[in-house]
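Inspection log for the structure reproduced underneath, given as structure tokens.
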Amino acid sequence: MSILVDRSTRVVVQGITGKAGTFHARACLDYGTSVVAGVTPGRGGQKLDERVPVFDSVAEAKEATGCNASLIFVPAPGAADAILEAAAAGIGLIVCITEGIPTIDMVRVLACLEGKETRLIGPNCPGVITPAECKIGIMPGYIHRPGPVGVVSRSGTLTYEAVWQLSQRGIGQSSCVGIGGDPVHGLGLREVVEMFEGDPATEAILIIGEIGGFEEQEAAAFWKTSSRKPIAAFLAGATAPPGRRMGHAGAVITGAAGTVKAKMEAFEAAGIPVILSPAEIGSGMARAMA
Amino acid sequence: MNVFEYQARDLLARYGLPIPPGHVASSPEEARQVAEGLTKRPLVVKAQILAGGRGKGRFLSGFTGGVRLCGDPAQVEGVARAMLGGVLVTAQTGPEGRPVNRLLVAEAPQIVRELYLAILIDRERRCPALVGSSRGGVDIEEVARKNPEEIYRIWIDPQSGLWPYQARGFAARLGLRGSLLNRAADVVVRLYRFFCENDASLVEINPLAVVEDEEIAVIDAKVGFDENALFRHPEIAGYREELIEDTREAEAMKARLNYVGLSGEIGCMVNGAGLAMATMDILQRCGAEPANFLDVGGGADQDQVVKAFGILMADPKVRSILVHIFGGIMRCDLIARGMVEALSHAKPKVPIVVRLQGTNFEEGKEILQRSGLPIRTADDLADAAEQAVAAAREAG
């Protein structure tokens, strides 16, 4: 077991003929992911590396291949449209890697997805991986190993660092989910923690949070009332000045709730140990599990 | 991306918002000319900086007030002479202040009541929110702390938008009646249209004022735009260059790098925003301060790496440089090649510590070693931070 993706997941890559789409479709295939289709409007009938058929639309790809998850690399101006196209075709899991989508586009997309079965991860995220089974995203596969820790993060490369530290210590991962660095996005920290809570393969949870927003507080409140699984958290941005956007559009301190201090207090109040140094994520998680 | 008040006024005026006549000026003579073209008195001269608290601010020259009332054009010219070219320090600028290169000269109507009105995206509710208060003209965060019941919010369904009845209800909650109710509701509707059509991230009118003759006026406006959406607003994107005061940030913007200038002594180059913040955090835990936030992103090319390195090396405050790359999309060999190229143009004056991990990290390390450049490598994050801090102390 795992969350969101496993061996049975069948992936369509939207924007597969672009540079990033091609590169990462191949990397996912190499990892063992069932990438069964690609979509680039106007390029229907082509094939990637003579094995992955390309379609003009997600609906056609689904009809022909039975794909049930989408990985999106469509550039920002067309990314919101790509998400809604996948949702309209009935794709159950959409992972949007694209960075730089206008906030108001995401506001509209989420309003359209409300009440639907479709789950959206991202945008501006590294994706999701269940080690040794299925990788839908841009993370380097080799740093992961199967195991008991569910990892959820608002960051990309910082997640790789955390996973690497876990794997170095022989601690494997059940699934790793990067929810993305934008202020308005799909699946939230709390929802992923809730999924890990319900997943028998996940024995412990690691949260990688950062400045901005209120999601860490929500995740902490959920864990306190509804989970007994061991947990630990790291928060990035203790040194970030207020009002400045730190790369991620979502990583900006606009109110008191967005500071590392406020999030740290929420974790501590919930009884969640906070790892203070980014160099000690692996050892901190090991301590929480001991 | 926040714009200057005079730019915000120009953009809002196109949506028919009630803005007192006025114009920007960049010399005392120009300020006088603007004043002569205005009919009503008194006039107001406002220093244009991207920070609040101007009214209570103080120039380094000793001149007080970044917002001054004037009775006639001659007085406007005098005030403009005192402000232009000066550095204004306010509660929000930090002690170094901000340079004043432009002024807004405008009519200053008699204010009867001050209200507060803002529109922003509520990230938790994932929709636009309207925020209002009948206590305007003061720091709204203070109102939120002391009198939270005086702040009124409504959330807008992004599908159906804002309807006039909602705007009227909002205006009523701000305590407006009669013709003022309809006028204020009209302002709210127009402001919401402006917000959506221009991909604003924040529009804050403080104060929105009831002025003489039962009129409503936008006395001060703070407007920020979603940087992700600038591609579809070329005119607003064109404002960018004049908005950046930090030369390091201006260089980084041209090279499409995510850079925020800070005041410490260790230059950082990292891929990924979260990892960049974590790297800054660990430096502080080691007793040092970062000179900057710099995320070279996932898709940087060699040329951007060269430019990024150039910015770090040109910063006189930097005592050592820490390069921290966890390759995913970004390949470590590409970073290494970019560094070697950058260092072949300009010999490094400060020690450099590099930690490479992830995609092609072995190849990257080998390129750095073969180059014969004085670069220290580190195997993990703690080691990298400690070496960078030690190197800065040796150099300092």
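Fair warning: this is a prediction, and the values are worked out from it, not measured in the lab. The chains referred to below are lettered A, B, ... by the order of the sequence lines, with proteins before strands, and numbering in each begins at 1.
The nearest pair of heavy atoms linking B:Ala229 to A:Pro102 is CB-CB, 3.7 Å. When all heavy atoms are compared, the tightest approach of B:Cys127 to A:Val107 is CA-CG1, 4.0 Å. Residues B:Ala278 and A:Pro278 come closest through the heavy atom pair O-CG, 3.4 Å.
Chosen from A:Ala20, A:Gly212, A:Gly243, the residue pairing most often with chain B at heavy-atom distances under 4.5 Å is A:Gly212. With chain A as partner, the option from B:Pro158, B:Pro290, B:Gly358 having the largest number of non-hydrogen pairs under 4.5 angstrom is B:Gly358. Between chain B and the residues A:Gly156, A:Ala256, A:Gly213, the largest count of heavy-atom pairs under 4.5 Å involves A:Gly213. Per-residue counts of heavy-atom pairs under 4.5 Å with chain B were compared for A:Gly250, A:Ala76, A:Ala251; the largest is that of A:Gly250. Options A:Gly188, A:Ala162, A:Ala279 differ in how many heavy-atom pairs under 4.5 Å they form with chain B, and the most are formed by A:Ala279.
Looking at A:Pro77, the atoms closer than 4.5 Å to chain B (heavy atoms on both sides) sit in the backbone and in the side chain alike. For A:Met139, no part sits under 4.5 Å from any heavy atom of chain B, backbone or side chain. With a 4.5 Å cut-off on non-hydrogen atoms, A:Ile208 does not touch chain B at all. Using a 4.5 Å cut-off between heavy atoms, A:Ile143 touches chain B through its side chain atoms alone. Using a 4.5 Å cut-off between heavy atoms, A:Pro183 touches chain B through backbone and side chain atoms alike. Both the backbone and the side chain of B:Ala382 come within contact range of chain A, each with at least one heavy atom under 4.5 Å from a heavy atom of that chain. Neither the backbone nor the side chain of B:Leu120 comes within less than 4.5 Å of any heavy atom of chain A. Using a 4.5 Å cut-off between heavy atoms, A:Phe23 does not touch chain B at all.
No side-chain heavy atom of A:Leu158 sits less than 4.5 Å from a side-chain heavy atom of B:Phe326.
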Produce the donor-acceptor pair table for chain B versus chain A, cut-off under 3.5 Å.
from     : atom 1 : to       : atom 2 : distance (Å)
B:Arg123 : NH1    : A:Gly250 : O      : 2.9
B:Arg123 : NH2    : A:Gly250 : O      : 3.0
B:Glu124 : OE2    : A:Phe214 : N      : 2.9
B:Arg126 : NH2    : A:His185 : O      : 3.0
B:Arg126 : NH2    : A:Gly186 : O      : 2.7
B:Asp226 : OD2    : A:Thr103 : N      : 2.6
B:Asp226 : OD2    : A:Thr103 : OG1    : 3.1
B:Asn228 : ND2    : A:Ile101 : O      : 3.1
B:Arg232 : NH1    : A:Asp105 : OD1    : 3.2
B:Arg232 : NH1    : A:Asp105 : OD2    : 3.2
B:Arg232 : NH2    : A:Asp105 : OD1    : 2.7
B:Glu249 : OE1    : A:Arg244 : NH2    : 3.1
B:Glu249 : OE2    : A:Arg244 : NH2    : 3.0
B:Asn271 : O      : A:Thr157 : OG1    : 2.7
B:Asp281 : OD1    : A:Ala238 : N      : 3.1
B:Asp281 : OD1    : A:Thr239 : N      : 3.0
B:Asp281 : OD1    : A:Thr239 : OG1    : 2.8
B:Asp281 : OD2    : A:Gly237 : N      : 2.7
B:Asp281 : OD2    : A:Ala238 : N      : 3.2
B:Arg355 : NH1    : A:Glu161 : OE1    : 2.5
B:Arg355 : NH2    : A:Glu161 : OE1    : 3.4
B:Gly358 : N      : A:Tyr142 : OH     : 3.3
B:Gly358 : O      : A:Tyr142 : OH     : 3.4

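In this structure, the ring pair (Phe, Tyr, Trp, His ring centres under 6.0 Å) partners of B:Phe194, at least two apart in sequence or on a different chain, are B:Tyr15.
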